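All remarks here apply to the structure that follows.
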Amino acid sequence: METPKIFEPGKIEVKWYAHWMEKGYFHSVPDNREPYTIVIPPPNITGVLHMGHMLNSTIQDVLIRRARMLGKNACWVPGTDHASIATEAKIVQKLKAEGIQKSDLTRDEFLGHAFKWKDKHGGIILEQLKKLGASCDWERTHFTMDKEYSESVVNVFIDLFNKGKIYRGVRMVNWDPEALTAVSDEEVIYKEVNSRLFYVRYKIDGLDDEWITIATTRPETILGDTAICVNPLDKRFIHLHGKSVIVPIANRIVPILTDDYVDMEFGTGCLKITPAHDINDYEIGRKFNLASIDLFNENGTLNEYGLHYQGVDRFEARKLIEKELHETGFLSKTEDHINKVGFSERTNAVIEPKLSMQWFVDMKDLAKPALENVMNNSIQFYPEKFKNTYRHWMENVKDWCISRQLWWGHRIPAWYYGEGVNDFVVALTAEKAASLAQEKTGVAYKAEALKQDEDVLDTWFSSWLWPISVFNGLTQPNNPEINYYYPTNDLVTGPDIMFFWVARMVMAGYEYKGDMPFKNVYYTGIVRDKLGRKMSKSLGNSPDPIALIEQYGADGVRVGVLISSPAGNDLPFDTSQCEQGRNFTNKLWNAYRLVSAWEVVDFEQPHSANMAIDWFESKLNKTLLEINDAFDKFRISDALMLTYKLIWDDFCSWYLEIIKPGYEQPIDKLSKEVTIAFFEKLLILVHPFAPFITEELWHLIGNDKKENDIIVASWPNAGKIDDALLVNFNQSEEVVSNIRNIRKQQNIANKVKLSLFVKGQVNGQLNFHSVIVKLGNLSCLEYVNESMKGAFSFVLEGKEFFIPFGEEMDTAAEKDKILAELEYIKGFLKSVQGKLSNEKFVSSAPSSVVESEKKKEQDALSTIDILTKKIADLG
RNA sequence: GGGAGUUUAGCUCAGCUGGUUCAGAGCAUCUGCCUUACAAGCAGAGGGUCGGGGGUUCGAACCCCUCAACUCCCA
């Protein structure tokens, strides 16, 4: 049966993935090989594959596959994250659609629904990764809420609490009124918004018709004012020091304070203080011991302190209060104003600073080794520029709010035995808690009488243990697996989760393993669309990766996403890149078709083939070194491009064209064998990038019988490199290009054979004589002592090449061309001689540079000489 | 407001310690070709004051100053 002209990826992808799985190639167990470990950044359990995952996972798979071929024990641990806020929101939404309110359910009922849903829909993304070819060790798939994993998380909480690094307290936190939970500082995204600045008059208490005007962007919080504040140096207000004002609407009397925090330039220079609803006001409130009036319910509506606005949403209340202030004459004016507002990373709701009782991790000690070991490159960042960002965060790290008012997640193991703020103990089980409580108070408690904290932990409080817990390193310390695989080698992730995740894994690594969690962190860029916009579900500008795989093949897509994506740079993605990737796989396919069709006959190897083999061997070895180097530096795109060019240009366009016998002619045995051997090496080099087609070709090309698979083939070692030969071949390429160029310019058909004469070849033939004859389609290649008249010519490396004219050639055009060349070279000579006649250059430049300039001068002079003669010859 | 980074061909990017690897690559474009593995291809070609200005140097894409634009991080 005829091999199809076009590579069809669909069927073979399924076939080979199943084969690899069946053979257990992805599965790793500790042995005496060197381990190479990557833990996947666990995607949300509810997630579907998007372009970011594509990029990220392809890179990881490339690294893993190459490591496997290098003979390392490669282990890529997959898994998913429970993603508490996102998942809970999804489940709440889904229940709502079924007419069930979360508030109508008990915690256990809700979790029942959640787990059912997770079992049904969770982990779709892992199945999608398989389509991409990801060679994860699926037997090791973990989920951050697995039993043993959860145990680690809870135990870490208990441990940090016992070490005094976790505390509970009332603090100003970022409240998400939509998700109804506190979130960490990192989960708040600040954006500039167009808002308005409201100027509101407050009457001075005890004085007749004396007013002071404040400026605020949040008039709805007036009802929570417990002071106003001016700068002590502000002359405008000195007479008001010590006085009080009456808060409009609330009619409460509050003091005028002085503090240099107040910016005299901003607004009116007079600030209202609402300690419950602004972090800066909160600080001033603490300083002056002010009362805090919390105006809002958890969902962002006003509570009883909102008086007649009770139950109204905060933004609606802003409008209504503006109206009331206006009607009652308190509002003196409003101005347009741009300010920064915090939004929830998850729900996009406007964050409400809110005072509440939460759990925190004290980060100071944890940050120390985490900062140090990144700065001293024990842990390497690629690209290095992210070290700056990392350092800045670490040096200014704030305590981490880890409690979330949700149900989906790891429940905080704190147990309350009374109503007092400190009436709790922290323990794994209620029974343990009961005995601890007894120890603490001297009173006997029954386990059932204790009430467990209702909150769960921040998702990242579990994912920061990922590199340890996927090997059960906390529940079974020093087990053989953790000892073998930890620290892992490379982490591949986006810079957007450097603080959420990377930094905290480093902290947990040093705290619990006394060692780094990984040696290298490769930060990928963000995948953007052609217009430079971030790909997102809401914009609908993200192509469906699975559809892309179906269209271009998994290999094509993998090559497409990697071909222009250097570390840390954004990847402006366009499907044309997948097209390029697919074309590349097709090129490989057709190279195979050519080689496989050659019929072997035992006869002497042509000289040109012999030369091509010598050359390509050197070329391949040299490029292999470059590819290895690119990998070592995490320059994955470069490694791919080097591989791409080695195959497309060097192997297909040059090597195969030289080797290839004439139409329906057989090939000699040796050439075919060597070509197959080259092809196999090339397939190995492409395999990390394009696993499916390479496995297919590997078998088609003859490895089927040997029952070995390319996925476990050995990465080649670079053999000898003959640099002189490479240089020589380069020159021959140029000769051929020049011949082709003359053909093109003179409209000489490729089929017409030409004669080529060379002047200036001192000893015998050109190295690649036979190659030039073949690729130039020459009838003869001869060596002469005199310049030829009536011929096209070109000059390379001091040698003149002549192709005699046919009958009617345009000598005038040829002459113009040479004249232009002459002009150029004269200009060049002038600049070189300029340098050489500059005494300072000659005396201060290194001698090698001066020498090379002198050589340039000589070359230019002789070329000018040749060209001048040529013009004369043309008449 | 503070900090970091980027700016090189139409697009995406290389360019290491200032000097023949110095102006490069891939894609795109243009021109010939359905030449015998591949038109998802082959062969050629044209594209750049290296963001602007100034300086240091015998010599600057590279070092310094300055301006501009964009991006990211933090508050």
Side-chain angles (χ1 to χ4, degrees), chain A residues 3-7 185-186 188-190 263 279-280 340 342 383-393 395-398 495-496 498-499 525-526 528 530 532 552-553 556 560 563-566 568-574 576-598 630 633 635 637-638 640-642 644-645 648-649 652-653 656-657 660-665 736-745 747-751 775 777 831-832 834-846 848-853 855-856 859:
Chain A
T3 319
K5 275 170 99 163
I6 286 178
F7 170 58
D185 293 343
E186 286 69 34
V188 181
I189 298 163
Y190 291 89
D263 178 0
I279 181 69
N280 298 308
K340 294 250 175 136
E384 233 184 321
K385 65 176 177 182
F386 286 113
K387 273 168 74 177
N388 279 326
T389 320
Y390 181 89
R391 184 185 61 214
H392 188 256
W393 186 80
E395 283 175 349
N396 297 287
V397 69
K398 302 248 167 52
D496 50 330
M498 181 158 54
F499 309 136
I526 292 166
R528 297 178 180 279
K530 251 203 267 190
Y552 298 103
I563 200 114
S564 65
S565 138
N569 267 21
D570 287 356
L571 169 64
F573 181 80
D574 186 49
S576 70
Q577 287 160 235
C578 292
E579 218 170 289
Q580 190 185 352
R582 178 204 57 186
N583 293 354
F584 180 55
T585 57
N586 200 46
K587 188 74 183 174
L588 272 172
W589 180 253
N590 277 290
Y592 159 73
R593 283 181 64 220
L594 175 68
V595 173
S596 67
W598 289 337
K633 293 175 176 153
R635 302 181 65 137
S637 302
D638 285 359
L640 171 57
M641 187 51 74
L642 285 162
Y644 178 95
K645 286 201 282 192
W648 200 306
D649 299 342
C652 293
S653 295
L656 288 181
E657 288 301 327
K660 163 164 118 175
Y663 183 51
E664 294 193 332
Q665 299 284 307
V736 173
S737 285
N738 270 289
I739 298 168
R740 285 170 177 167
N741 201 357
I742 286 171
R743 274 185 195 277
K744 165 95 190 196
Q745 279 170 358
N747 259 322
I748 304 168
N750 292 330
K751 286 174 195 159
L775 294 185
N777 195 21
S831 88
V832 172
K835 277 191 207 173
L836 286 170
S837 60
N838 181 337
E839 259 178 55
K840 281 187 175 167
F841 170 76
V842 179
S843 56
S844 26
S848 64
V849 174
V850 178
E851 281 312 306
S852 92
E853 289 298 316
K855 184 171 184 300
K856 276 192 225 170
D859 288 351

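Here the structure is a predicted model, which means the values were calculated and not measured. Letters A, B, ... are given to chains in the order of the sequence lines, protein chains preceding strands, and every chain is numbered from 1.
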| Whole-angstrom distance between C42(B) and C50(B), as gauged at atom C1' | 33 Å
| Are any side-chain N or O atoms of Asn741(A) and backbone N or O atoms of Ser737(A), one a donor and one an acceptor, separated by less than 3.5 Å? | no
| request: Would you indicate which nucleotide in A40(B), C42(B), A37(B) comes nearest to any side-chain atom of Ser653(A)? | output: C42(B)
| said: Need to verify one output field. Residue with the more 5' nearest nucleotide on RNA chain B, Arg740(A) or Gly662(A)? | reply: Gly662(A)
| said: It should be established whether Lys587(A) places a side-chain nitrogen or oxygen under 4.0 Å from OP1 or OP2 of nucleotide A39(B). | reply: no
| Does Leu588(A) offer a backbone N or O that forms a donor-acceptor pair with the side chain of Trp648(A) under 3.5 Å? | no
| query | So what does Arg582(A) touch, heavy atoms closer than 4.0 Å: a base, only the sugar-phosphate, or nothing? | reply | base
| field | Distance in angstrom units between Asn388(A) CG and A4(B) C1', rounded | value | 6 Å
| said: Less than 4.0 angstrom between a side-chain N/O of Asn741(A) and OP1 or OP2 of A45(B), yes or no? | reply: yes
| task | Round to the nearest Å and state the distance from Phe7(A) atom CZ to G41(B) atom C1'. | result | 17 Å
| request: Considering only atom C1', compute the distance from A14(B) to U7(B) and round it to an integer number of Å. | output: 15 Å
| Where are the stems of RNA chain B, defined as at least 3 consecutive Watson-Crick or wobble G-U pairs with both distances under 3.5 Å? | B:1-7 with B:68-74, B:10-13 with B:24-27, B:29-33 with B:41-45, B:51-55 with B:63-67
Which atoms of nucleotides 73-75 of chain B (N or O only) lie under 3.5 Å from a protein N or O atom, and what are those distances?
unit_1	atom_1	unit_2	atom_2	d
A75(B)	N6	Lys340(A)	NZ	2.6

| message | Measuring only the P atom in each nucleotide, how far is U56(B) from U20(B)? A whole number of Å is fine. | response | 23 Å
| field | U8(B) versus C13(B) - spacing of their C1' atoms, nearest Å | value | 9 Å
| Spacing between Leu656(A) atom CG and C42(B) atom C1', to the nearest angstrom | 14 Å
| Inter-nucleotide P distance (C58(B), G48(B)), Å rounded | 32 Å
| request: Between U17(B) and C73(B), how far apart are the P atoms? Round to whole Å, please. | output: 29 Å
| Between A37(B), A40(B), A14(B), which nucleotide has the shortest distance from any of its atoms to the side chain of Arg635(A)? | A14(B)
| Is any side-chain heavy atom of Tyr552(A) closer than 4.5 Å to a side-chain heavy atom of Thr585(A)? | no
| message | Can you check the distance between G46(B) and C30(B), where both ends of the measurement are the C1' atom (answer in whole Å)? | response | 7 Å
Short N/O separations, protein against nucleotides 21-31 of chain B, under 3.5 angstrom:
unit_1	atom_1	unit_2	atom_2	d
A25(B)	O2'	Lys645(A)	NZ	3.0
G26(B)	O2'	Gln580(A)	NE2	2.8
C27(B)	OP1	Tyr644(A)	OH	3.4
U31(B)	O2	Lys744(A)	NZ	2.1

| query | Can you tell me how far C1' of A14(B) sits from NZ of Lys633(A), to the nearest Å? | reply | 12 Å
| request: Please work out if Glu395(A) contacts a base, only the sugar-phosphate, or nothing of the nucleic acid, heavy-atom cut-off 4.0 Å. | output: nothing
| said: Without decimals, in angstroms, what is the distance between Tyr390(A) OH and G5(B) P? | reply: 19 Å
| task | Would you kindly give the CG-to-C1' distance between Asn777(A) and G44(B), to the nearest whole Å? | result | 16 Å
| field | Distance, P atom - from A9(B) to G15(B), rounded to whole angstrom | value | 15 Å
| field | Side chain Glu657(A) and base A43(B) donor-acceptor under 3.5 Å | value | no
| request: Assign Ser737(A) to base, sugar-phosphate, or nothing according to its heavy-atom contacts below 4.0 angstrom with the strands shown. | output: sugar-phosphate
